[in-house]
Novice: 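Could you have a look at this structure, given as structure tokens, before my questions?
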Amino acid sequence: MKIMGVRRMNITVRNASESDVPFIAEALLESSRAGKKVGIFDFIFNTSDETKLLEFLRKFTFTTTKSYCHFSNFMIAAVDGVSAGTICGYEPRIATHDIFARALEEVGIDETYHERIAGYLLCEPEIDNKTWVCDFMVVKPEFKSFEILKELVRKSMLTARLKGYRKVQTMVEIGSVETEIIYKKLGFSIIDEKRSEYYEEQFGRAGIIRLQAIL
């Protein structure tokens with residue numbers, strides 16, 4: 001994710017609606033791959049066909065069961081009325097692994113997906129229920145601007161504060177240097193990391209870094 005200077009923009013951030021589902025699906029795919037050929041959703045949905053993945057993700061963000069990938073957990077940043085970026089903010093105590101699995105069942109994916117993401121599970125950060133999580137932050141290439149990223153995180157943090165949270169965490173793959181730098185500029189610092197040869201074999205990265213900001 002490259003930070004570029006651009007002209008002064010009229011940035012607004014709002015809660016996502018049903019009409020944003022296609023945009024959110026694209027953001028989920030882009031964020032999960034993070035510049036790699038495959039990401040976690042390639043393994044969960046057992047395909048790397050982009051058309052099929054986006055179809056799965058559109059359905060997955062709109063399930064009755066509200067996993068952390070549900071569209072209602074996202075905010076949309078617009079520049080002069082055009083959707084430019086998005087971020088997911090959720091409560092782990094509500095959006096649990098069981099909820100995630102139930103939502104996947106709604107789109108036809110059974111529990112065997114765990115076997116396909118074994119590398120990820122070895123490096124998955126442990127997040128307590130007193131933490132707000134930011135994830136899947138993406139800005140369209142034509143709108144790449146630190147100001148948009150800052151506004152998305154600021155609004156997500158504001159929501160966290162209003163819900164009583166005092167710390168926010170996110171996760172970044174080891175080697176995703178630009179994304180790591182962005183979060184550090186936004187007040188996050190590294191608290192731990194997990195590495196696995198199996199993760200690197202599956203995803204081409206050494207593991208996952210967890211970052212935290214105190215509200």
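In this text, all values refer to a predicted model and were calculated from it rather than measured experimentally.
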Novice: Evaluate the side-chain proximity of Ser176 to Arg205: yes if any heavy-atom separation is below 4.5 Å, no if none is.
Specialist: yes
Novice: When hydrophobic residues are tied together by side-chain contacts of less than 4.5 Å, even through go-betweens, does Phe23 share a cluster with Phe41?
Specialist: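 Yes, one cluster joins them.
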Novice: Check whether any side-chain heavy atom of His70 sits under 4.5 Å from a side-chain heavy atom of Asn73, and report yes or no.
Specialist: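 Yes - at least one pair of side-chain heavy atoms lies under 4.5 Å apart.
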Novice: Evaluate the side-chain proximity of Asp20 to Phe71: yes if any heavy-atom separation is below 4.5 Å, no if none is.
Specialist: no
Novice: Do the rings of Phe100 and Tyr68 sit parallel, tilted or perpendicular, given the 30° and 60° boundaries?
Specialist: parallel
Novice: Indicate whether any N or O donor in one side chain lies under 3.5 Å from an N or O acceptor in the other, for Glu173 and Tyr199.
Specialist: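 On atom types as modelled, these side chains qualify, holding a pair under 3.5 Å.
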Novice: How far apart are the C-alpha atoms of Phe203 and Tyr120, what are their side-chain angles, what is the distance that settles it, and do they pass the ring-ring contact (aromatic ring centres under 6.0 Å, His included) test?
Specialist: CA-CA 8 Å; Phe203 299 104; Tyr120 171 80; 7.0 Å; no
Novice: Following the transitive rule for hydrophobic clusters with a side-chain heavy-atom cut-off under 4.5 Å over Ile, Leu, Val, Met, Phe, Trp and Tyr, establish whether Ile87 and Val172 coincide in one cluster.
Specialist: yes
Novice: Do Thr63 and Thr65 meet the criterion of a side-chain donor-acceptor pair at a distance under 3.5 Å?
Specialist: no
Novice: Side-chain contact, heavy-atom cut-off 4.5 Å: Thr64 with Glu106?
Specialist: yes
Novice: Asn15: which residues meet the side chain to side chain contact (heavy atoms under 4.5 Å, CB included) condition with it, sequence neighbours left out?
Specialist: Met75
Novice: Would you indicate whether the side-chain heavy atoms of Val153 and Met137 approach each other to under 4.5 Å?
Specialist: yes
Novice: Return yes if a side-chain donor-acceptor contact under 3.5 Å exists between Asp110 and Thr112, otherwise no.
Specialist: yes
Novice: Do Thr159 and Trp132 get their side chains close enough for a donor-acceptor pair, meaning under 3.5 Å?
Specialist: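 Note: Thr159 and Trp132 side chains miss the donor-acceptor criterion.
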Novice: State the CG-CD distance between Leu57 and Glu55, to the nearest 0.5 angstrom.
Specialist: 10.5 Å
Novice: So, do Arg33 and Leu53 sit near enough that their side-chain heavy atoms are less than 4.5 Å apart?
Specialist: yes
Novice: Do the side chains of Ile117 and Leu122 join up, straight or via other hydrophobic residues, at under 4.5 Å, putting them in one cluster?
Specialist: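 No, no single cluster joins them.
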Novice: Indicate yes or no: at least one non-hydrogen side-chain atom of Val79 is less than 4.5 angstrom from one of Val82.
Specialist: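 A side-chain contact is absent here, since even the closest heavy-atom pair is not under 4.5 Å.
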